[in-house]
Participant: 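Have a look at the structure that comes next, please.
Letters go in sequence order (proteins before strands), and every chain restarts at 1.
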Amino acid sequence: MQNRIAQVVFPLPTGKSFSYIVPEGLTERVQRGSRVWAPLGSRLLTGFVVDLKQETEISNLKQILDVLDPYPAFDSQMLRLTRWVAEYYLCSLGEVLNSALPSGVRFRGSEYLILRNPEPHHPLPDAIKGKKEEAVLESLFQKGTRSLLTLERELRRDGLYAAIYDLEQMGYVAVKSREGRLVRLTEGDPGVLEQQIDELKRKAPRQAHLLRILRENGGQMAALQLRKNWGVGADVVDRLERRGLVELCFEEPQDSAVNEKTSQGIAEVNLSPTQARAFRQIKRALDGGHYQTILLQSSPGADRTPLYLQAISAVLRREKGVLMLVPEVFLTARAFKHLKATLGLQAAVLHSRLSDVERYRLWRQVREGRKRVVIGPRSAVFAPVVNLGLIVVEEEQDSSYKCESNPRYHARDVAIVRAKMADAVVLLGSSAPSLESYHNASTGKFSLCRLSREVNNPLPKVTIVDIRGLRSTNAREILSPLVCERLKLCLQKGKQAVLFQNRRGYATYIQCSQCGFVPQCQNCQVSLTYHQEEHQMVCHYCGFRQEAPSICPQCLGHEWHFGGVGTELVEKTLRSLFPKAKVLRLDFDTTKGKQSYRRLLQFSQGDRADILLGTRMIAKAMDFPRVGLVAIVLADSCLNLPDFRAGEKTFHLLTQLASQLTEGEIVVQTYSSGDWTIRCFKNFDFDKFARRELADRRQLNYPPWSRLVSIVFQGKISEDVISIAEKYSRLLQEAAFETVQILGPSEAPLGKIKGAFRCQILLKGKSSKALRELVQQCTQKLKGKRGVRMTIDVDPVEMM
DNA sequence: AGCACGCCGACT
DNA sequence: GTCGGCGTGCTC
Ligand SMILES: [Zn+2]
Ligand SMILES: [Zn+2]
């Protein structure tokens with residue numbers, strides 16, 4: 001008896017799965033993990049098959065219409081992993097599966113179907129059984145090739161892809177990418193060709209250009225080459241083909257980059273004695289061949305990369321796959337370069353910035369085991385690496401690993417669970433690890449591997465400058481005399497200086513000197529930041545902006561006090577102090593948007609500036625050898641965040657900045673020089689900091705001693721939000737047990753953002769499982785209200 | 001999430 | 001009378 005019933009989940013908030021009949025023609029191809037096309041209500045949706053059964057009690061079943069990939073997108077291990085993510089982070093399996101796939105997988109549009117045997121068979125071979133197969137073949141007989149998009153339009157979509165994959169499997173057709181096409185001139189006569197080019201020149205210069213390229217390169221070229229070397233896109237090729245001026249043929253793709261080195265040819269890395277000592281422990285874990293998480297805690301400035309490379313090389317020699325996670329997309333380039341230069345490897349770099357076609361191509365190569373090393377940001381933790389042997393999580397403490405939209409997973413934690421399932425080793429690298437990982441290492445859940453600095457490579461000098469006195473004497477003063485002095489020296493020596501200030505703009509707020517009025521955002525409960533360059537008031541939470549006022553709208557006063565130092569003001573100060581120095585400012589904290597990404601890459605490469613100034617991102621972005629001074633303009637802006645992790649985050653930040661120094665000094669300006677975090681950082685004593693911080697957190701029952709779940713309600717009408725939050729809170733109180741603490745509901749920090757009021761309930765408890773069950777139970781009972789959205793965050797990182 | 005269904009007030 | 005707001009519940 002065949003499995004005729006498929007259980008399908010969809011990317012909807014419902015955790016439910018739906019049963020469908022698998023039609024005759026699709027039984028072979030519809031498997032667990034397949035992506036399918038199916039009707040739900042009045043809609044047609046893409047879903048995922050999570051199970052196959054022989055029968056069901058449910059009546060009035062609908063049919064699955066089509067299967068989207070030639071083989072299941074998820075294997076059983078990935079299904080297990082995504083199910084864990086859904087259960088742990090309290091969201092639907094469908095949503096997790098959807099975000100685990102490369103985004104925007106509508107890749108099929110750029111592919112072509114070709115007839116393998118160009119002779120039309122009449123009658124059709126016996127093997128062709130389905131109507132759809134027949135239709136596809138008939139369509140191809142008319143013209144040797146068809147784009148998949150054309151076929152979708154021409155034939156009905158139901159069962160189309162299943163038919164295509166069947167025909168492909170039987171060897172009648174082949175799916176080729178648009179860029180695998182060979183473009184050939186149809187006109188052999190040079191005179192006629194010249195005439196054609198002339199005619200096209202005015203109306204379609206790009207097409208004329210393509211003809212010229214072909215003429216000068218032997219009359220033919222692969223579409224991929226045309227794009228890569230000449231910048232001529234596939235659309236131009238299509239148009240010329242329609243004119244009949246070029247013809248296309250399909251050759252087997254000669255993708256040389258795909259072929260990785262054989263495992264024997266993988267190089268080894270030269271390790272220093274210090275590194276070799278640390279590596280021995282990693283090697284033992286790799287040799288063991290079982291799950292283990294190693295926290296690689298390096299002293300600031302010690303290079304972890306050689307250890308990663310050596311571990312990767314060892315894993316590849318065992319014919320296993322590697323996943324390397326980095327905190328930001330732009331950091332993948334550096335990792336790729338290292339792998340290429342040292343091991344001679346072409347790793348697959350998977351991230352959201354690739355085109356759909358490219359991303360899907362790489363994803364398939366990884367899925368099919370043709371690429372065994374994947375580099376990427378947090379989403380890459382779901383890359384379908386075959387036979388996984390090692391996951392590297394670089395800068396494991398970085399909060400970018402936590403996803404701030406559904407599913408709100410933490411890539412480091414998912415990596416650990418994945419490694420357990422695959423019996424792989426996890427390497428967590430950091431010079432100031434998260435206290436969660438540090439704690440896990442001290443309880444024996446992880447093993448700790450320390451990497452110290454090379455003996456000839458001393459720790460940088462740390463100077464703490466208390467600026468309490470300074471500010472009171474001259475409010476306009478931003479840089480202490482000591483920092484100015486060090487800057488001068490640094491520049492004289494021809495070294496670069498890095499300045500960090502966590503606030504963008506010129507002033508974080510402006511205030512009327514006469515009546516005390518502070519311009520606020522109309523959508524958020526925050527003051528507007530003054531940007532001098534654009535002469536605008538900007539909200540950093542919703543993007544609202546308006547012309548900076550010259551006259552106070554309240555009292556018509558015209559004198560403003562600028563409060564809170566932003567990077568623009570620091571830049572202005574630097575320019576007046578060092579008019580000859582080249583100052584480069586990098587001030588955005590997201591890498592979203594093309595422009596910021598480009599500037600970021602320029603920044604991390606363009607090391608010609610004398611002074612580099614910026615916000616959080618500079619700590620991650622820079623990779624310069626010439627840095628002689630790092631100055632933190634105001635450590636307090638990080639230290640005083642309303643977050644129980646403020647101290648930890650400050651330590652991370654300072655350490656990351658200090659790691660950029662090969663030799664030199666790091667100067668920290670602060671109002672609270674007596675603070676424990678600052679004092680420990682002065683001696684680079686993370687262990688001392690962590691011990692005290694852990695003790696404090698134990699006292700207050702904060703992670704890692706407890707688990708948190710944050711529930712945020714938001715909506716335009718504050719009364720509705722509050723009433724729902726209170727209703728939920730009552731449900732919690734009814735169902736809760738002693739070990740759970742319910743904090744709130746209280747107005748979330750920054751109560752109103754983007755016009756939405758926010759109310760937060762924080763659950764604290766010993767067991768994450770118990771908390772999650774409680775939340776799940778209450779959420780089912782809660783009757784929501786239109787206009788009030790509820791967000792559940794398990795293990796929240798950002799407390800805002 | 002969407003979408004239909006149904007219930008109620010208000011306006012041609 | 002019916003148009004359109006929104007709460008409710010379902011989708012195999
Ligand atoms: Zn005023
Ligand atoms: Zn705002």
Participant: In whole Å, what is the span from the CD1 atom of Ile717(A) to the C1' atom of dG5(C)?
Facilitator: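 It is 13 Å, rounded to the nearest whole Å.
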Participant: Write down the distance between CZ (Phe10(A)) and P (dC12(C)), rounded to a whole number of angstrom.
Facilitator: 8 Å
Participant: Students often get this wrong, so: under 4.0 angstrom with heavy atoms, is Pro11(A) touching a base, only sugar-phosphate, or nothing?
Facilitator: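 Here Pro11(A) touches no strand at all.
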Participant: In whole angstrom, what separates Arg786(A)'s CZ from dT8(C)'s C1'?
Facilitator: 9 Å
Participant: Of all the heavy-atom pairs spanning Lys402(A) and Val794(A), show the shortest one and how long it is.
Facilitator: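 In terms of heavy atoms, the two residues are closest at NZ-O, 2.9 Å.
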Participant: Distance under 4.0 Å to a non-hydrogen atom of chain A counts as contact; along DNA chain B, which nucleotides mark the start and end?
Facilitator: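 That gives a stretch of dA1(B) to dC3(B).
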Participant: Without decimals, in angstroms, what is the distance between Leu40(A) CG and dC10(C) C1'?
Facilitator: 9 Å
Participant: Is Glu436(A) salt-bridged to Arg645(A), going by a charged N under 4.0 Å from an acidic O?
Facilitator: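 Salt bridge: yes.
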Participant: Pairing donors with acceptors under 3.5 angstrom, does anything connect the side chains of Ser768(A) and Arg772(A)?
Facilitator: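 Their side chains do contain a donor-acceptor pair, which is all the 3.5 Å distance test asks for.
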Participant: Once side chain to side chain donor-acceptor pair (under 3.5 Å) is applied, do any residues pair with Lys620(A), and if so which ones, sequence neighbours excluded?
Facilitator: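 With sequence neighbours excluded, Lys620(A) shows a side chain to side chain donor-acceptor pair (under 3.5 Å) to Glu328(A), Asp398(A), Ser400(A), given in chain and number order.
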Participant: Separation of Gln7(A) atom CD from dC12(C) atom P, in whole Å?
Facilitator: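 After rounding, the gap between these two atoms is 13 Å.
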Participant: Could you check how far CD1 of Ile58(A) sits from C1' of dC12(C), rounded to whole Å?
Facilitator: 6 Å
Participant: How long is the line joining CG of Leu44(A) and P of dT11(C), in whole Å?
Facilitator: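 In whole Å, dT11(C) P lies 17 Å from Leu44(A) CG.
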Participant: Would you indicate what Ser59(A) reaches in the nucleic acid, counting non-hydrogen atoms under 4.0 angstrom: base, sugar-phosphate, or nothing?
Facilitator: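 Ser59(A): no heavy atom of the nucleic acid under 4.0 Å.
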Participant: Rounded off to whole Å, could you give me the NZ-to-C1' distance for the Lys781(A) and dT8(C) pair?
Facilitator: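 After rounding, the gap between these two atoms is 20 Å.
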Participant: Does the plane of the ring in Phe48(A) sit parallel, tilted or perpendicular to the ring in Phe74(A)? Use 30° and 60° as the thresholds.
Facilitator: perpendicular
Participant: Could you check whether Arg730(A) pairs with Glu734(A) (Lys NZ or Arg NE/NH1/NH2 to Asp/Glu carboxylate O, under 4.0 Å)?
Facilitator: no
Participant: Once you apply a heavy-atom cut-off of 4.0 Å, does Lys16(A) come out as touching a base, just sugar-phosphate, or nothing?
Facilitator: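 Base: the residue Lys16(A), judged by heavy atoms under 4.0 Å, touches a nucleobase.
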Participant: For the rings on Phe382(A) and Tyr409(A), is their centre-to-centre separation under 6.0 Å?
Facilitator: yes
